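Everything numeric here is computed off the predicted structure, so don't read it as measured data.
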Amino acid sequence: MNPIIVSRLRRGASFSGERIQLVTTVLDLRNLSQGQATALKLLAEGDHDDAALAAAVTTADGEAGLLRWHLLFRGLNNSGMVEHAVQADGAVTARLYPVGRGSTMPVAAPSGPVRLSRFAEARMVDGTLTLRAPGRHLAVELMPGTAGLLDELATWNTGTPAPLLRLLATAGLLAPGGPDGDPETTERSYAQWHPADLAFHSRTRFPATASGYGGTYPLGDRFPPEPVSPEPSGLRTVTLPVPDLDEIAAREPSFTEVLERRTSIRAHDQEAPITLGQLGELLYRSLRRRGTMTGSDGQRLASRPYPSGGAVHELEVYPLVSACEGLPAGLWHYATDRHELELVAEPGKATDALVREARNAAMMEADPQVVLLVAARFGRVMWKYETVAYPLVLKHVGVLYQTLYLVATAMDLAVCGLGGGDTGAFATASGRDPLLEGTVGELVLGSRPRTEE
């Protein structure tokens, strides 16, 4: 039996009387004919091809009822209420289904040679190999025995069955053009994107392609919210002096002057390193916890000098000290609630690797006096936010960078943000689980060299 396309109501949808319901979405279908109601019952029960649906309509309504049915069926597709599958010998081999909002109507099969898009992603979802393309609200499941077709589609070919091509093309999984005109490699709009970058961008910036977006509390029924601050380590601590903000405000340059002076400085005064007091002042003015509150969802929230989505404030800063007057070398953690440093690791191979990496990234001739390692307690954000959780973390890193830059500039310190780092190396040095708390940013900090004055 040649493969055909069959259809059913999308998973999770039910039909009763004159109503289709999907979670909180309800479609009221008024004045259904007997044939339309029969066809909808068939779609609710399982997969049926167009011929079977048309036969159910014409048996009850006659040929005249087909036009009304086709209009209704198209409307259901445009509402994303229908799934489509390829069926051969009575078995489904592939299924097109919505994972976001939009039409599910299959497009025509492409003519000429085709191949799988280089942006296509394959992953296991509920035990089934599933394909998705960035920025698309549809996915295609491949049943056992069908996945081998991916090997055929790795290169341009013309032998793939048309029904399967229709589903893949509808989901945006096929490369356009052909071997002599492939825009994915020749046009800048495609060629400039790495598949992982485009997938990340599309997932987080196209809400209609995600099943959940924003503050949906995806983990709210499985885990409690994480505490507003991590528990004290119980290791050695250093209490930091509290700066007088009124005195600082009276003598510092204006905000406009600080903005204009801000620049990245990749050298430190090795003869007069940064002091414990300066480091403490910078951390206090940039990061300290000013207060807490409880959100309506029960999560403890915080106030700090820089903004944070939902006031979750998941970022923690670990000063990695090589030279700081009044503070021993090592990896420290800044406790925002207590304004103190707590020792995480003594100097050693693991911390040396982090220093060396920062030195190379900043292209410095000598070791940076301090590396500010910015880590995220991911659960603080991911407990509440879906799809946008990690992008929020990165936005927070950006505003923290700017805050540290401006405060350091006002204090006449040298600061330089780095473009990358090694979360694995941080995990080795700190002992933190990188999936629970990992680095997401780094800056080098030190005394301003005299040549920069």
Less than 3.5 Å apart, which donor and acceptor atoms pair up between the side chains of residues 26-43 and the rest of the protein, not counting sequence neighbours?
residue : atom : partner : partner atom : Å
Asp28   : OD1  : Arg19   : NE           : 3.1
Asp28   : OD1  : Arg19   : NH2          : 3.4
Ser33   : OG   : Gln36   : N            : 3.1
Ser33   : OG   : Gln36   : OE1          : 3.4
Ser33   : OG   : Asp61   : OD2          : 2.5
Gln36   : OE1  : Ser33   : N            : 3.0
Gln36   : NE2  : Arg68   : O            : 3.4
Thr38   : OG1  : Gln34   : O            : 2.9

Exercise for review: For atom CZ of Arg290, decide whether the heavy atoms of other residues, nucleotides or ligands shown that lie under 6.0 angstrom number more than 12.
Suggested key: yes
Check your understanding: How many angstroms lie between atom CG of Leu116 and atom CG of Asp151, to the nearest 0.5 angstrom?
Key -> 11.0 Å
Check your understanding: With sequence neighbours excluded, what pairs up with Arg338 under the side chain to side chain contact (heavy atoms under 4.5 Å, CB included) test?
Key -> Pro232, Ala335, Glu340, Glu342
Practice item. Would you confirm whether Arg304, through its side chain, and Arg289, through its main-chain N or O, come within 3.5 Å as a donor-acceptor pair? Key: no
Point to revise | Considering all heavy atoms, the nearest Val99-Ala139 contact | key: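 It is CG1-CB, 4.1 Å.
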Review point. Which residue pairs satisfy the salt bridge (charged side-chain N to carboxylate O under 4.0 Å, His left out) criterion with at least one member in residues 99-120, sequence neighbours excluded?
Key: Arg115-Asp182, Arg115-Glu184
Point to revise | Min side-chain heavy-atom separation Leu435-Phe378 under 4.5 Å | key: no
**Study point:** Evaluation steps, side chain to side chain donor-acceptor pair (under 3.5 Å), between Asn77 and Ser103
**Key:** CA-CA 5 Å; Asn77 274 283; Ser103 173; 5.7 Å; no
Practice item. Report yes or no: does His396 contribute a side-chain atom to a donor-acceptor pair with the main-chain N or O of Leu392 at less than 3.5 Å? Key: yes
Exercise for review: Give a yes or no on whether Arg74 atom CZ has more than 12 heavy-atom contacts from other residues, nucleotides or ligands under 6.0 Å away.
Suggested key: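 Result for CZ/Arg74: open.
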Practice item. Using the six-membered ring wherever Trp is involved, compare the ring planes of Trp383 and Tyr217 and label them parallel, tilted or perpendicular (cut-offs 30° and 60°). Key: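 If you compare the ring of Trp383 with that of Tyr217, the planes turn out perpendicular.
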Check your understanding: Less than 4.0 Å between a side-chain N and a carboxylate O, is that true for Arg95 and Asp47?
Key ->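 Looking at Asp47 and Arg95, the cut-off is met.
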**Study point:** Minimum-distance pair of heavy atoms, taken over all atoms of Gly212 and Thr387
**Key:**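 Of all heavy-atom pairs spanning Gly212 and Thr387, the closest is O-OG1, 2.5 Å.
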Point to revise | Check: Ala122 main-chain N/O paired with Arg132 side-chain donor or acceptor under 3.5 Å | key: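 No: the side chain of Arg132 does not pair with the backbone of Ala122.
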Review point. Side chain of Thr130, backbone of Thr128: donor and acceptor closer than 3.5 Å?
Key: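 Indeed, once roles are kept as given, a pair shorter than 3.5 Å links the two residues.
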Review point. Which value, rounded to the nearest 0.5 Å, describes the distance between Ser117 atom OG and Leu168 atom CG?
Key: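 Spacing of OG (Ser117) from CG (Leu168) equals 11.0 Å.
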Point to revise | Pairing residues for Tyr385 by the ring-ring contact (aromatic ring centres under 6.0 Å, His included) criterion, not counting sequence neighbours | key: none
Exercise for review: State, yes or no, whether a side-chain contact exists between Val393 and Glu314 at a heavy-atom distance under 4.5 Å.
Suggested key: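 Yes, at least one pair of side-chain atoms sits under 4.5 Å.
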Practice item. Indicate yes or no for a side-chain donor-acceptor contact from Ser79 to the backbone of Met81 under 3.5 Å, with no hydrogens or angles considered. Key: no
Exercise for review: State the CG-CG distance between Leu373 and Leu331, to the nearest 0.5 angstrom.
Suggested key: 6.5 Å
Point to revise | Side chain to side chain, Arg261 and Glu257, heavy atoms closer than 4.5 Å | key: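 Yes, side chains in contact.
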Review point. Do Glu83 side-chain atoms and Pro98 backbone N/O form a donor-acceptor pair below 3.5 Å?
Key: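 No, Glu83 side chain to Pro98 backbone: no donor-acceptor pair under 3.5 Å.
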Exercise for review: Please list, chain by chain and in numerical order, all residues satisfying ring-ring contact (aromatic ring centres under 6.0 Å, His included) with Tyr306, sequence neighbours excluded.
Suggested key: His313
Point to revise | Those residues that, when tested against Phe206, pass ring-ring contact (aromatic ring centres under 6.0 Å, His included) (two or more places apart) | key: none
Exercise for review: Give a yes or no on this: more than 12 heavy atoms of other residues, nucleotides or ligands lie within 6.0 Å of atom CD of Glu152.
Suggested key: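 Yes, CD of Glu152 has more than 12 neighbouring heavy atoms, counting only those of other groups under 6.0 Å.
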Point to revise | Least distance between heavy atoms, Thr204 atom then Phe200 atom | key: OG1-O, 2.9 Å
**Study point:** Approximate separation, where rounding is to 0.5 Å, of Tyr334 OH and Thr336 OG1
**Key:** 7.0 Å
**Study point:** Side-chain (Tyr213) to main-chain (Arg205) donor-acceptor, under 3.5 angstrom
**Key:**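 Not confirmed, Tyr213 side chain does not pair with Arg205 backbone.
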Review point. When you check the gap from the basic side-chain N to the acidic O, do Arg123 and Glu121 get nearer than 4.0 Å?
Key: yes
Practice item. Kindly state each residue pair satisfying ring-ring contact (aromatic ring centres under 6.0 Å, His included) with at least one member in residues 81-126, sequence neighbours excluded. Key: none
Revision key, fill the gap. Heavy-atom nearest pair, Cys416 first then Ile265, reads CB-O, 3.6 Å
In residues 140-149, what donor-acceptor pairs under 3.5 Å come from side-chain atoms, sequence neighbours left out?
residue : atom : partner : partner atom : Å
Glu141  : OE1  : Arg11   : NH2          : 3.4
Glu141  : OE2  : Arg11   : NH1          : 3.0
Thr146  : OG1  : Thr93   : O            : 2.9
Thr146  : OG1  : Met143  : O            : 3.3

Practice item. For Thr59 and Ala56, indicate whether the former's side chain and the latter's backbone hold a donor-acceptor pair under 3.5 Å. Key: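 No, Thr59 side chain to Ala56 backbone: no donor-acceptor pair under 3.5 Å.
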Point to revise | Taking every non-hydrogen atom, the tightest pair across Gly298 and Pro225 | key: O-CG, 4.4 Å
Review point. Can you check whether Leu443 reaches Leu418 side chain to side chain, under 4.5 Å on heavy atoms?
Key: no
Practice item. Test Thr292 against Arg300 for side chain to side chain donor-acceptor pair (under 3.5 Å), laying out the working first. Key: CA-CA 7 Å; Thr292 61; Arg300 291 290 289 171; 2.6 Å; yes
Point to revise | Minimum side-chain heavy-atom gap Val82-Phe73 below 4.5 Å | key: yes
Check your understanding: For the side-chain contact (heavy atoms from CB on, under 4.5 Å) test, which of Leu406, Leu372, Leu404 pairs with Ser286?
Key ->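 Checked Leu406, Leu372, Leu404 against Ser286; only one passes side-chain contact (heavy atoms from CB on, under 4.5 Å): Leu404.
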Review point. Any side-chain heavy atom of Val312 sitting closer than 4.5 Å to one from Gln299?
Key: yes
Exercise for review: Name all residues meeting the side chain to side chain contact (heavy atoms under 4.5 Å, CB included) criterion together with Leu66; count only those two or more places apart in sequence or in a different chain, and write none if there are none.
Suggested key: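 Residues passing side chain to side chain contact (heavy atoms under 4.5 Å, CB included) with Leu66: Ala54, Val57, Thr58, Glu63, His70.
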Practice item. Would you mind reporting whether Leu279 and Leu445 have side-chain heavy atoms less than 4.5 Å apart? Key: yes
Point to revise | Spacing of CG belonging to Leu235 relative to NE2 belonging to His333, to within rounding of 0.5 Å | key: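 Going from CG on Leu235 over to NE2 on His333, the span is 12.0 Å.
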Check your understanding: Is Pro106 close to Thr170 at the side-chain level, that is, under 4.5 Å between some pair of heavy atoms?
Key ->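 Yes, side chains in contact.
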Practice item. Can you sort out the partners of Arg432 under side chain to side chain contact (heavy atoms under 4.5 Å, CB included), two or more places apart, ordered by chain and number? Key: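 For Arg432 the side chain to side chain contact (heavy atoms under 4.5 Å, CB included) partners, ignoring immediate neighbours, are Tyr318, Val344, Phe426, Ser430, Glu437.
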Review point. How long is the span from the CG atom in Leu76 to the CE atom in Met105, to the nearest 0.5 Å?
Key: 9.0 Å
Practice item. Could you pull out the closest heavy-atom pair between Ala133 and Gly172, with the gap in Å? Key: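 Residues Ala133 and Gly172, closest heavy atoms: CB-O, 3.3 Å.
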Review point. Which residue pairs satisfy the salt bridge (charged side-chain N to carboxylate O under 4.0 Å, His left out) criterion with at least one member in residues 377-386, sequence neighbours excluded?
Key: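 As it turns out, the salt bridge (charged side-chain N to carboxylate O under 4.0 Å, His left out) pairs with a partner in residues 377-386, which skip direct neighbours, are Glu226-Arg377, Glu316-Arg377.
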Exercise for review: Apply side chain to side chain contact (heavy atoms under 4.5 Å, CB included) to Ala52 and list each qualifying residue two or more places apart in sequence or on a separate chain.
Suggested key: His48, Asp49
